[in-house]
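One-based numbering, in listed order, for ligands and for the atoms of each.
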Amino acid sequence: IHILRLLTEYGLTTTYGIRTEQLPRFNEYDFIIVGAGPGGSPVANRLSENKNWRILLLEAGGPEGILQQIPMLPTINTKYDWQYKYEPRKKACLGLRDRRCLCPKGKSLGGTSTINGMVYSRGHKLDFDIWAEQGNYGWSYDEVLPYFKKSERANLREPVDKSYHGKNGYVHVQNTPWRSPMTDLFLEAGKELGYDIVDYNGRQQIGFSDNQLTMVNGTRCSASKAYLRIRRSNLDIVTEATVSRVLIDDNNHAYGVEFIKNNKTYRVNAGKEVILSAGTINTPQLLMLSGIGPKDHLDELGIKVVKDARVGYNLCDHVAFIGLTFLVNQSFTFLQQAISTPGAALQYAINGTGPFSTPFPGGLAFTRTKFATDARPDLEIVLQAGSFNVDPRKGRARGITEEVYDTVWKPLEGQTTWGIWPSTQLARSKGRVTLRSTNIKDHPIIDANLLDDPNDLEVLVEGVKFAIEISKSKTLQRYGSRLHDIKIPGCETLEFNSDDYWRCAIRQLTTTFNHEMGTAKMGPATDPTAVVDPELRVHGVGGLRVIDASIMPEVPVGHLAATIYMIAEKGADMIKQSWQN
Ligand SMILES: Cc1cc2nc3c(=O)[nH]c(=O)nc-3n(C[C@H](O)[C@H](O)[C@H](O)COP(=O)(O)OP(=O)(O)OC[C@H]3O[C@@H](n4cnc5c(N)ncnc54)[C@H](O)[C@@H]3O)c2cc1C
């Protein structure tokens with residue numbers, strides 16, 4: 001029975017098959033890795049394949065929890081989440097609590113892959129060719145595809161371009177065992193609009209698709225579940241250990257880290273390298289606390305400058321709009337009330353299938369708007385088979401205020417709805433992460449600067465129009481699909497459904513897909529904005545690499561984790577090669 005297996009694996013033990021130590025067993029390791037997300041976990045696994053090396057993985061959070069294993073259950077805003085927020089700005093997130101978009105980040109073994117939406121989607125071919133053109137040797141699509149495949153263990157329904165997928169990797173990629181009827185209608189509407197139904201990780205990204213998800217046997221497959229359930233005596237994993245800085249000697253060489261556990265500070269040495277995989281927010285925080293960052297900012301805080309570098313800049317994300325709701329006459333969508341039945345729970349408990357086995361019942365499509373400048377899709381739409389009226393917690397989790405909920409969604413309670421979240425893929429607005437203080441426990445300042453570039457807003461307006469076209473398709477008209485027309489607070493004076501109305505609505509109900517990236521940008525030494533080189537070594541500092549979402553020089557299309565697994569697999573190989581020579 002599924003639930004018994006879950007309880008055995010995740011509920012009755014504390015380490016879930018992952019061997020952890022209370023404290024490092026040695027004073028020195030060959031490699032110290034900071035952070036156990038999709039960046040750090042694969043690196044710990046691959047480096048410990050070399051039995052002659054001792055590896056230490058330090059993670060600020062604890063082990064994953066049992067609830068994180070059940071895809072449908074939301075786990076953001078819990079102890080497994082750092083619960084960051086963006087700074088308020090004048091151009092986005094205006095209708096949200098305190099005018100702040102939320103920035104959840106996973107805090108446990110597995111990192112953000114334990115709280116994410118589980119969508120497995122790679123960047124577009126051209127994304128990586130552009131990285132390579134910028135002087136990042138080794139990162140063209142043809143060179144990174146083998147690493148995507150190396151990380152993946154695919155078991156997918158058709159359509160699937162088999163030659164693009166891996167079968168023997170650690171990350172399980174599957175379709176959800178249970179599919180909402182709304183997904184089928186979405187795909188049918190896509191066909192009606194002239195799109196192909198595609199494997200978006202294969203030959204062609206543009207088209208409509210069912211989700212490919214990082215999951216196995218109806219449960220979440222996080223980075224730690226994938227890569228750390230190995231028992232190797234040369235790999236020590238210490239949880240609840242928050243690294244507070246990298247130790248760097250007078251020759252600008254990293255020789256270890258300082259970390260805090262149970263209010264005590266410890267030091268541990270790295271004979272070969274320290275690898276930062278603490279994610280897009282915490283990696284720049286750690287770099288800056290260690291003296292690697294913009295000189296003026298470090299001076300302000302009295303931090304001794306080791307290397308003046310553009311750390312924290314280039315913050316980018318896929319910005320999205322969450323205010324689009326459609327109504328239908330028939331109850332074919334995913335009603336929370338319907339799935340929270342004992343029957344659905346029992347189905348999951350026994351077989352690991354049914355609605356509980358899906359993180360969000362939907363599908364997605366990539367397309368090019370009139371603003372696209374090259375072959376890449378600049379718009380993604382994600383189907384939500386049920387809007388916030390179906391599950392108000394989801395709205396609150398995105399920062400929707402009670403007042404906005406009561407005005408827009410409360411009148412729809414009990415009715416059948418669906419929604420689409422359009423998202424700008426090649427977002428041009430750039431933000432920045434800075435330190436709030438020199439204390440590791442203080443949340444960094446995250447100024448995402450969303451929708452600063454008008455292009456990002458206009459692509460979303462196109463996304464809204466595309467969603468309306470889908471609603472107008474014959475397929476959905478059979479169910480009387482229509483746009484919900486209660487105006488979003490803050491935009492009442494504008495003509496409903498005009499471009500200006502949508503511009504206003506998007507600025508009110510903004511979100512991101514929480515694909516924050518780019519704050520320790522990869523680039524050659526000739527690029528003054530680069531923090532790490534194409535082999536992920538920090539420019540100007542020896543013995544220190546960054547392997548996580550922060551190294552991405554430009555925003556790729558799609559969701560992020562698949563690309564981070566690729567970066568980690570490739571990064572681990574580069575480390576192995578450099579120590580073999
Ligand atoms: C709500 C949400 C939904 C998402 N949905 C998807 C999706 O469907 N598909 C997708 O591909 N991506 C999704 N993402 C994004 C994706 O999960 C992240 O981009 C990815 O996990 C980032 O990997 P990372 O290794 O760079 O960092 P993280 O996964 O954030 O891992 C960093 C790790 O470092 C640890 N750490 C941080 N600071 C320290 C320190 N000082 N000392 C020790 N340890 C530290 C953290 O606790 C964490 O475990 C989503 C994200 C969110 C928040």
Student: Where the side chain of T519 meets the backbone of G312, is there a donor-acceptor pair that is under 3.5 Å apart?
Tutor: no
Student: Is there a side chain to side chain contact (heavy atoms under 4.5 Å, CB included) between Y120 and M215 once you walk through the steps?
Tutor: CA-CA 9 Å; Y120 179 85; M215 69 185 306; over 6 Å; no
Student: Between R89 and D447 (salt bridge meaning N to carboxylate O under 4.0 Å), is one present in this structure?
Tutor: yes
Student: Enumerate, one pair per line, all nitrogen or oxygen atoms of ligand 1 lying under 3.5 Å from a protein nitrogen or oxygen, stating the separation to 0.1 Å; write 'none' if no such pair exists.
Tutor:
from	atom 1	to	atom 2	distance (Å)
ligand 1	5 (N)	G117	N	2.8
ligand 1	8 (O)	G117	N	3.4
ligand 1	8 (O)	M118	N	3.1
ligand 1	8 (O)	V119	N	2.9
ligand 1	9 (N)	V119	O	2.8
ligand 1	11 (O)	V119	O	3.2
ligand 1	11 (O)	L560	N	3.1
ligand 1	11 (O)	A561	N	2.7
ligand 1	17 (O)	N116	ND2	3.0
ligand 1	25 (O)	P38	N	3.4
ligand 1	25 (O)	G39	N	2.9
ligand 1	26 (O)	A549	N	3.1
ligand 1	29 (O)	T112	N	2.8
ligand 1	29 (O)	T112	OG1	3.3
ligand 1	30 (O)	T112	OG1	2.6
ligand 1	38 (N)	N282	ND2	3.4
ligand 1	41 (N)	V243	O	3.0
ligand 1	42 (N)	V243	N	2.9
ligand 1	44 (N)	A60	N	3.0
ligand 1	47 (O)	E59	OE2	2.7
ligand 1	47 (O)	W82	NE1	3.1
ligand 1	47 (O)	G106	O	3.4
ligand 1	49 (O)	E59	OE1	2.6
ligand 1	49 (O)	E59	OE2	3.1
ligand 1	49 (O)	S108	O	3.2

Student: Please find out if less than 6.0 Å separates the ring center of Y405 from that of F388.
Tutor: no
Student: Does the distance from a Lys or Arg side-chain N to an Asp or Glu carboxylate O, for R428 and E554, drop under 4.0 Å?
Tutor: no
Student: Between I230 and S48, is the side chain to side chain contact (heavy atoms under 4.5 Å, CB included) condition met? List the steps.
Tutor: CA-CA 10 Å; I230 46 172; S48 61; 4.1 Å; yes
